[in-house]
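In what follows, chains are A, B, ... by sequence order, proteins preceding strands, each numbered from 1.
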Amino acid sequence: MAMQQKYDPHSIEREAQQYWDASGAFRAREAPGKPKYYCLSMFPYPSGKLHMGHVRNYTIGDVLTRYHRMNGRNVLQPMGWDAFGLPAENAAIANGVPPARWTYENIAYMKGQLKSLGFAIDWSRELATCQPAYYRWNQWLFLKMLEKGLVYKKTGVVNWDPVDRTVLANEQVIDGRGWRTGAVIEKREIPMYYMAITRYAEELLAALDTLPGWPERVKTMQANWIGKSYGVRFAFPYELDGRQERLRVFTTRADTIMGVTFAALAAEHPLAAFAARGNPKLAAFIEECKRGSVMEADLATIEKKGMPTGLSVTHPLTGQPVPVWVGNYVLMAYGEGAVMGVPAHDERDFHFAKQYGLPIPQVIDARGAGDGAFTTDRWQPWYESKDGVCIHSGKYDGLRYNEAVDAIAADLNAKGLGDKQVLWRLRDWGISRQRYWGCPIPIIHCGGCGDVPVPDADLPVVLPEDCVPDGTGNPLAKRPDFVNTTCPKCGKPAQRETDTMDTFVDSSWYYIRFACPDNARAMADERVAYWLPVDQYIGGIEHAILHLLYSRFWTKVMRDLGLVKLDEPFSDLLTQGMVLNDIYFRKADTGRVTYYNPAEVETRAEGGAILKADGQPVEAGGIGTMSKSKNNGVDPQELIDRYGADIARFFMMFTSPPEDTLVWSDAGVEGAARFLRRLWNYAVRFERGGNPPQPSAALQLRKATRFEIHSVLKQANYDLGRHQLNTVASAAMKILNALDRLLEADNEVEKEGLKILLRLLAPITPHISHYLWRELKFGEDVLAAPWPEHDPAALIADEIELVVQVNGRKRGDVRVPRDADSKAIETIVLADPAVQRHVSGQAIKKVVVVPGRLVNVVV
RNA sequence: GCCGGGAUGGCGGAAUUGGUAGACGCACGGGACUCAAAAUCCCGCGGUGGCGACACCAUGAGAGUUCGAUUCUCUCUCCCGGCACCA
């Protein structure tokens, strides 16, 4: 077969993909003894079609997969679908289509898209989390955890839409109102199941040190999230109806305890509820605190308000009465749901005290940590410094932070009122969701027996797939065929739990299941030991905390249940930067918000933007992550249809480093297309026997070309090692440029260079590399070729160029022999006319010689 | 608000450990080829001044350390991600 003269991406891509399919090229098999490489990209939510973030994510994963395969590793790159979730229910509300059908149709379409991009995926391991064969193990492990006490039930706070009478996700609450109804949202307490992740807090924190392959920023974020703080937990005693009671608080600043002038309760605190009885004003205030969303970001930015309860407690050390307030900024979920108020040394307490006229006595002197004397007129940052000593604190006067905390904790302990304690910011994981499209929680509620686990033999509890949610209430609760059952214990009629699990449960162990997706009898088997841990995990930085933390937790739970022998699931982590795009929306009078895709919007020269469909203005919402909810995704299909997979992949890799945020623009994709066409044309000329001979200067040009190719290759291999793939793409361009300049029919250098180039490109543009490698008879399959390494001999030059600086400014360059010593270099440099001109008679203070790089003359 | 990250030409980005700022591309301008266009090839391309050699300015803003700072330290501005029910 003759080589095509013109580069036609679509035909060669089809051919290459057929070859891979037919030969089962990406089918991964366990090969004990052979070093494995498990490369995993975060599986997609089947939202409808791929967006650019997916293409970026999966191209990075595919590049690394193919690179390691060419380096001799036994690779596994699986793919699946994070198939449960809210958008399927939203689609049902909008279009009346059952979430199951919508989801499966999306999966089919997106799978076709992934295949057209030529990813080296082992599709035989494909799974979807909405399949009973998968989620039965969610249920099974849930029940195992329940047995071990790692799952328990308690109340939790949710967003309640009083009009639709339904629980809303945080995302569905906009400015404190329901997204569909515009109704003001209320906080509601309902019973939920929790996973006791806090029992693993210490290990989750400590084990971060065993993950050198993780980005520092992710480990820092996780450590801060887990939030280990050392402090003192103590109680304010008080008397209520003749009983001795205690109000417990936690503080990291026990050294300031003598400055306490009030205590503040969260609105949900039981003592607040007690005080509100017979106090309508307080009851109203507590109700007010309960309006709005449950999001911490909202809570943290609201205006700080408070109201006295009329109650007071006793200071544990001074015995003085301390008034008790309710504060809307106190979090029930953190610590004890109550805090001590030290206005002089805590910024929030300071403003609170100013607002409500509470005393602000200074008890810490941190001279040197800030300027200005202590004044209650305005807050100064040094008030919060731990580098001070206690004052106005009686027996603690003069003590430093650590000494004061020790002494105060000891005194509290002696009174039986408190002691030092570790506090975690991490909270247990509430997994109950009042939604239809998720994994059913395998519990049966029986009037006589209480909450009864579904027996193993009855698993899975299968979710009916024909429901069409309408946005009101809980859809499963409306299904008598699902709800009504019999109690496994007593056999009497009983009701199934209608809550489903958080979708983070589904994604917390799919990477384990990929090792054994076909095992119907066990959650995990011995194949897990071969493939796990994941050698390279790749996904968006937005998952830096929750998904990764839950996955780490889940792995440790499975380990402790004897299911796997694995401490950490992901050895190396690459956090891909987000792909952003403009956001446009309209807000109706009802408060309901509609988002418009930037493709449907036209920006006007005079500012502002309009919707193309109706010519009316839309509001600009800045830029943000491409997402279904903001409707600002870009469909990569157009790019693939027009240019083919290789050009799309090359462009994606070339346009920015994997870890950087990328604001989407297709400017530059022409450059990628041009490059691959040039490569093709070069290969065609090569096959014909190279360029016409041009003997003059050939030897030197040949040497210079080899030098260029091998130094670029050396750099490219370094860049691959640090996952900087954009410069690897640049390197390929540089090699082609160097080869193109070699205008002589020197087949040896051309052939060497082209073989390097095609292998270097094989992970990024696998189709064209596959085709040309075979057509040029370099071998049968480029995937089987060894990875290219640079030839050190090509990099030895007789002379090296040094940059010459005078006072740190570049003033020229000199060529010196490769082995010249500092003394010789100095002599050459000082004789240089440009240097003499700039030195112009001034005294030379010193000469800095950086070997192989530069010389700096300081005058 | 808290935690994490970022800012370099008109644009995407490069600069391995503090050592030539702007590699490689895009866009743009000029030229070659062509009846013409596309494609392709060649040249130019941070700013200011100068015919030019060259000089000065320049890596979000301001300060500091250093012979030398895009790189290290501090302060600030803006943007992005996360904040536990989006996934």
Side-chain angles (χ1 to χ4, degrees), chain A residues 42 44-45 47 82 84-87 156 158-159 167-173 215-218 220-225 227 294-302 304 329 333 348 425-435 502-504 507 540-547 549-550 575 577-578 580 622-625 627-630 651 654-657 659-663 665 667-672 674-675 677-678 681 715 718-719 722 724 726-727 729-734 737 801-810 812-813 845-848 850 853-859:
Chain A
M42 289 180 187
Y45 177 78
S47 56
D82 190 13
F84 277 136
L86 203 51
V158 295
N159 302 303
V167 175
L168 297 187
N170 283 337
E171 189 188 47
Q172 298 171 312
V173 180
E216 270 322 305
R217 60 171 164 164
V218 174
T220 307
M221 278 190 262
Q222 292 222 344
N224 289 339
W225 184 265
V294 300
M295 286 173 71
E296 194 180 315
D298 290 343
L299 254 58
T301 47
I302 51 169
K304 310 287 176 284
Y329 63 96
R348 239 173 9 192
R425 207 188 74 98
L426 183 68
R427 310 201 288 259
D428 278 341
W429 176 16
I431 60 145
S432 295
R433 297 290 179 272
Q434 299 68 47
R435 308 223 197 292
D502 181 1
T503 56
F504 274 124
S507 57
I541 182 69
E542 73 275 22
H543 294 293
I545 296 173
L546 292 180
H547 163 62
L549 193 63
Y550 292 145
T575 45
M578 314 273 305
L580 309 180
I623 53 174
T625 315
S627 71
K628 187 89 181 159
S629 59
K630 297 283 193 289
F651 170 63
F654 175 74
T655 200
S656 77
E659 312 222 44
D660 282 15
T661 298
L662 167 62
V663 181
S665 156
V669 64
E670 273 300 333
R674 205 170 289 159
F675 166 67
R677 278 199 298 268
R678 274 182 63 210
N681 295 338
Q715 180 67 38
Y718 176 82
D719 289 344
R722 59 174 176 157
Q724 187 170 284
N726 56 324
T727 47
S730 294
M733 289 175 150
K734 287 178 186 175
N737 288 348
E801 199 164 272
L802 289 183
V803 167
V804 180
Q805 297 182 329
V806 178
N807 284 343
R809 302 188 65 105
K810 188 191 171 188
D813 32 45
K845 276 203 209 145
K846 69 172 162 177
V847 180
V848 181
V850 183
R853 286 212 179 257
L854 60 67
V855 182
N856 189 13
V857 180
V858 185
V859 299

| query | Between A:Glu670 and A:Trp429, which is nearer to the 5' end of RNA chain B once each is assigned its nearest nucleotide? | reply |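 It is A:Glu670, whose closest nucleotide lies nearer the 5' terminus.
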Next item on the list: Starting from the 5' end of RNA chain B, give me the residue, A:Ser629 or A:Ala672, whose nearest nucleotide shows up first.
Entry: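 Its nearest nucleotide being more 5', the pick is A:Ala672.
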Presence of [X] side-chain N/O under 4.0 Å of [N] phosphate oxygens OP1/OP2:
X: A:Arg674; N: B:A39; result: no
X: A:Arg677; N: B:U40; result: yes
X: A:Arg678; N: B:C24; result: no
X: A:Thr503; N: B:A87; result: yes
X: A:Thr625; N: B:G81; result: yes
X: A:Asn726; N: B:G25; result: no

Using a heavy-atom cut-off of under 4.0 Å over every strand shown, decide if [X] touches base, sugar-phosphate, or nothing.
X: A:Gln724; answer: sugar-phosphate
X: A:Pro657; answer: sugar-phosphate
X: A:His543; answer: base
X: A:Ala544; answer: nothing
X: A:Leu580; answer: sugar-phosphate
X: A:Ser656; answer: sugar-phosphate
X: A:Gln715; answer: base
X: A:Gly430; answer: sugar-phosphate
X: A:Phe675; answer: nothing
X: A:Arg348; answer: nothing
X: A:Leu426; answer: base
X: A:Tyr45; answer: sugar-phosphate
X: A:Leu86; answer: sugar-phosphate
X: A:Asn737; answer: sugar-phosphate

Whole-angstrom distance between [N] and [M], as gauged at atom [atom1]:
N: B:G13; M: B:C67; atom1: C1'; value: 30 Å
N: B:C86; M: B:G82; atom1: C1'; value: 12 Å
N: B:C79; M: B:G30; atom1: P; value: 39 Å
N: B:U59; M: B:G50; atom1: C1'; value: 26 Å
N: B:U77; M: B:A61; atom1: C1'; value: 7 Å
N: B:C26; M: B:C43; atom1: P; value: 14 Å
N: B:U8; M: B:G47; atom1: C1'; value: 14 Å
N: B:G18; M: B:G81; atom1: C1'; value: 30 Å

Quick one: does any side-chain atom of [X] pair with a main-chain N or O of [Y] as donor and acceptor, under 3.5 Å?
X: A:Arg433; Y: A:Asp502; answer: no
X: A:Lys630; Y: A:Lys628; answer: no
X: A:Asp719; Y: A:Gln724; answer: no

With respect to the side chain of [X], which nucleotide from [options] is positioned closest?
X: A:Glu542; options: B:A84, B:G82, B:G4; answer: B:G82
X: A:Asn170; options: B:C3, B:C86, B:U16; answer: B:C86
X: A:Trp225; options: B:A21, B:G1, B:C83; answer: B:C83
X: A:Tyr718; options: B:G19, B:C24, B:U16; answer: B:U16
X: A:Phe654; options: B:C3, B:C24, B:U20; answer: B:C24
X: A:Lys734; options: B:G19, B:C24, B:G1; answer: B:C24
X: A:Arg425; options: B:G1, B:A84, B:G81; answer: B:A84
X: A:Arg809; options: B:C57, B:A15, B:G81; answer: B:C57
X: A:Arg427; options: B:C80, B:C83, B:A84; answer: B:A84
X: A:Met733; options: B:G25, B:C67, B:G5; answer: B:G25

- Partners of A:Glu542 by side chain to side chain donor-acceptor pair (under 3.5 Å), sequence neighbours excluded?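 Residues passing side chain to side chain donor-acceptor pair (under 3.5 Å) with A:Glu542: none at all.
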d([atom1], [X]; [atom2], [N]) in whole Å:
X: A:Tyr329; N: B:C83; atom1: OH; atom2: P; result: 25 Å
X: A:Asn224; N: B:C3; atom1: CG; atom2: P; result: 8 Å
X: A:Gln805; N: B:G18; atom1: CD; atom2: C1'; result: 12 Å
X: A:Leu168; N: B:A84; atom1: CG; atom2: C1'; result: 17 Å
X: A:Leu854; N: B:A21; atom1: CG; atom2: C1'; result: 14 Å

To the nearest 0.5 angstrom, please state how far the [atom1] atom of [X] sits from the [atom2] atom of [Y].
X: A:Glu659; Y: A:Asn726; atom1: CD; atom2: CG; result: 11.0 Å
X: A:Gln805; Y: A:Leu854; atom1: CD; atom2: CG; result: 5.0 Å
X: A:Ile541; Y: A:Met221; atom1: CD1; atom2: CE; result: 4.0 Å
X: A:Tyr45; Y: A:Leu86; atom1: OH; atom2: CG; result: 7.5 Å

Whom does [N] pair with, Watson-Crick or G-U wobble, provided both distances fall under 3.5 Å?
N: B:C78; answer: B:G6
N: B:U48; answer: B:A55
N: B:C24; answer: B:G12
N: B:G18; answer: none
N: B:A84; answer: none

#### Entry: A:Glu171 vs A:Asn159 side-chain heavy atoms within contact, under 4.5 Å
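No, their side chains stay 4.5 Å or more apart.
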- Query: Where does B:G10 land, syn or anti, given syn is within 90° of 0?
  - Reply: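 Anti for B:G10; the angle lies over 90° from 0.
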**Asked** Below 3.5 Å, does any donor atom in the side chain of A:Asn856 face an acceptor in the base of B:C67, or the other way round?
**Response**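 Such a pair exists between side chain and base.
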Please determine whether the number of non-hydrogen atoms from other residues, nucleotides or ligands lying under 6.0 Å from atom CZ of A:Arg217 exceeds 12.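 Above 12, so yes.
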